S.K.: 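Below you will find the structure I want to go over with you.
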Amino acid sequence: MVKNIVLALDLSLTETGYAICKIEKGNFEVLEFGTIKTSSKDSMGYRLQLIESELIRIMQKWHPDSVVKEKSFSNRNITSTQAIFQVVRIASYAIWKELELVPIDYAATNIKKTLTGNGRASKEHLMEKVKALTNSEPTNFDESDAIAVAYTYYLDKV
């Protein structure tokens, strides 16, 4: 398998998790992970600009070959749904602007089933599996989910 740097995302308005992973010759390695945090005290425009600029910074540092993300879904709260889809739009725009790539989506249930065997696994169980499978130490569910998306992509490609 050709060297592949992957940017994986768990998009959120308050805490977007990201992971940079390397897939090379069937090996999976987590190179960096973190969280892009925004404050509900700030305007929507400022928060979206912060997410965009941080994503661009990460992409310029690592030059990923692929981008994968947890598929966004709507819930019963229309305000939350509108906010997450604004984040999805700004992330998609930034990814296209920097890399001319369209992210690959994985449903949360697919990610959980792939890593734990249970599509309805808890976030705690998923984090335990992520730590065990990737030798990484995410500190929150957003980071863990981003690494899980990358690992799902890896298993999809090997």
Side-chain angles (χ1 to χ4, degrees), residues 5-21 28 30-62 64-99 101-116 118-131 133-134 136-156:
I5 301 294
V6 178
L7 168 60
L9 299 168
D10 178 34
L11 295 171
S12 165
L13 182 59
T14 55
E15 294 187 11
T16 287
Y18 73 89
I20 296 287
C21 302
F28 180 88
V30 178
L31 302 174
E32 177 180 307
F33 59 87
T35 309
I36 303 168
K37 296 181 181 184
T38 70
S39 171
S40 61
K41 295 176 184 175
D42 292 324
S43 71
M44 177 64 79
Y46 177 80
R47 295 169 82 183
L48 292 172
Q49 183 275 328
L50 178 63
I51 292 167
E52 178 194 24
S53 64
E54 281 299 297
L55 288 175
I56 288 171
R57 181 192 64 75
I58 294 162
M59 289 184 283
Q60 287 176 345
K61 177 180 178 183
W62 291 101
D65 305 297
S66 304
V67 180
V68 295
K69 67 181 186 64
E70 185 174 299
K71 186 175 184 177
S72 300
F73 62 93
S74 72
N75 63 29
R76 293 185 179 154
N77 183 330
I78 190 124
T79 304
S80 295
T81 298
Q82 288 173 335
I84 189 63
F85 282 114
Q86 287 187 48
V87 174
V88 170
R89 279 188 212 101
I90 200 71
S92 295
Y93 170 73
I95 293 162
W96 183 258
K97 186 169 80 172
E98 272 311 300
L99 306 171
L101 294 173
V102 175
I104 299 166
D105 286 346
Y106 288 96
T109 53
N110 181 28
I111 295 164
K112 290 175 180 181
K113 184 158 180 66
T114 299
L115 271 66
T116 70
N118 177 1
R120 296 183 182 268
S122 68
K123 288 203 171 271
E124 292 83 4
H125 186 199
L126 184 62
M127 184 185 266
E128 289 172 16
K129 289 301 276 188
V130 163
K131 288 178 177 182
L133 292 168
T134 67
S136 62
E137 288 294 327
T139 59
N140 61 53
F141 295 135
D142 304 298
E143 294 169 352
S144 174
D145 288 355
I147 296 168
V149 176
Y151 201 79
T152 301
Y153 174 75
Y154 162 68
L155 293 175
D156 208 20

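Just so it is clear, the values below take in all heavy atoms, side chains as well, and ignore hydrogens, waters and symmetry mates. Everything quoted here is computed from the prediction, not taken from an experiment.
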S.K.: Between Ile5 and Leu31, is any pair of side-chain heavy atoms under 4.5 Å apart?
M.R.: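 With C-beta onward as the side chain, the pair touches.
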
S.K.: Are Leu13 and Ile51 side-chain neighbours, meaning at least one heavy-atom pair lies under 4.5 Å?
M.R.: yes

S.K.: Is there a side-chain contact between Asp156 and Ile104 (heavy atoms, below 4.5 Å)?
M.R.: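 The answer is no, as the side chains (C-beta and beyond) never meet within the 4.5 Å cut-off.
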
S.K.: Working note: Trp62 + Leu7, criterion side chain to side chain contact (heavy atoms under 4.5 Å, CB included); need CA distance, chi angles, decisive distance, verdict.
M.R.: CA-CA 9 Å; Trp62 291 101; Leu7 168 60; over 6 Å; no

S.K.: Do Asp10 and Val149 come within less than 4.5 Å of each other through their side chains, counting heavy atoms only?
M.R.: no

S.K.: Show me the pairs that pass side chain to side chain donor-acceptor pair (under 3.5 Å) and involve residues 42-55, at least two apart or across chains.
M.R.: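 Of all non-adjacent pairs touching residues 42-55, those that pass side chain to side chain donor-acceptor pair (under 3.5 Å) are Thr38-Arg47, Glu52-Lys97, Glu54-Arg57.
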
S.K.: Tell me, please, which residues at least two apart from Lys41 pass salt bridge (charged side-chain N to carboxylate O under 4.0 Å, His left out).
M.R.: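 Listed in chain order: nothing, the list is empty.
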
S.K.: Taking only residues two or more places apart in sequence, or in another chain, which ones meet Asp145 in a side-chain hydrogen bond (donor to acceptor under 3.5 Å, both in side chains)?
M.R.: Lys123

S.K.: So, using ring pair (Phe, Tyr, Trp, His ring centres under 6.0 Å) as the criterion, who are the partners of Tyr151 when residues are at least two apart?
M.R.: Phe28, Tyr154

S.K.: Is it the case that the side chain of Lys112 and the backbone of Ala121 share a donor-acceptor pair, with hydrogens and angles ignored and the cut-off at 3.5 Å?
M.R.: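 Yes, because the side chain of Lys112 sits within donor-acceptor range (under 3.5 Å) of the backbone of Ala121.
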
S.K.: Shortest non-hydrogen contact from Thr134 to Val130?
M.R.: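 Between these two residues, the closest heavy atoms are OG1-O, 2.6 Å.
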
S.K.: Drop me the distance from Lys129's NZ to Ser144's OG, to the nearest 0.5 angstrom.
M.R.: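 Between Lys129 NZ and Ser144 OG, I get 12.5 Å after rounding to 0.5 Å.
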
S.K.: Drop me the distance from Ile58's CD1 to Leu9's CG, to the nearest 0.5 angstrom.
M.R.: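 If we round to the nearest 0.5 Å, Ile58:CD1 and Leu9:CG are 7.5 Å apart.
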
S.K.: Between Ser12 and Asp142, is a side chain to side chain donor-acceptor pair (under 3.5 Å) present by the stated rule, with each step listed?
M.R.: CA-CA 9 Å; Ser12 165; Asp142 304 298; 5.3 Å; no

S.K.: As an exercise, state the distance from CD1 of Ile36 to CD of Glu15, rounded to the nearest 0.5 Å.
M.R.: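 Rounded to the nearest 0.5 Å, the CD1-CD separation comes out at 11.0 Å.
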
S.K.: Please tell me if the side chains of Leu55 and Ile95 come closer than 4.5 Å, counting only heavy atoms from C-beta onward.
M.R.: no

S.K.: Check the pair Thr152 / Val68 against side chain to side chain contact (heavy atoms under 4.5 Å, CB included), numbers first and verdict last.
M.R.: CA-CA 9 Å; Thr152 301; Val68 295; over 6 Å; no

S.K.: State which residues pass salt bridge (charged side-chain N to carboxylate O under 4.0 Å, His left out) with Lys131; sequence neighbours excluded, sorted by chain then number.
M.R.: Glu137

S.K.: Scan the side chains in residues 83-94 for donor-acceptor partners under 3.5 Å anywhere in the protein, sequence neighbours excluded, and list what turns up.
M.R.:
unit_1 : atom_1 : unit_2 : atom_2 : d
Ser92  : OG     : Val88  : O      : 2.9

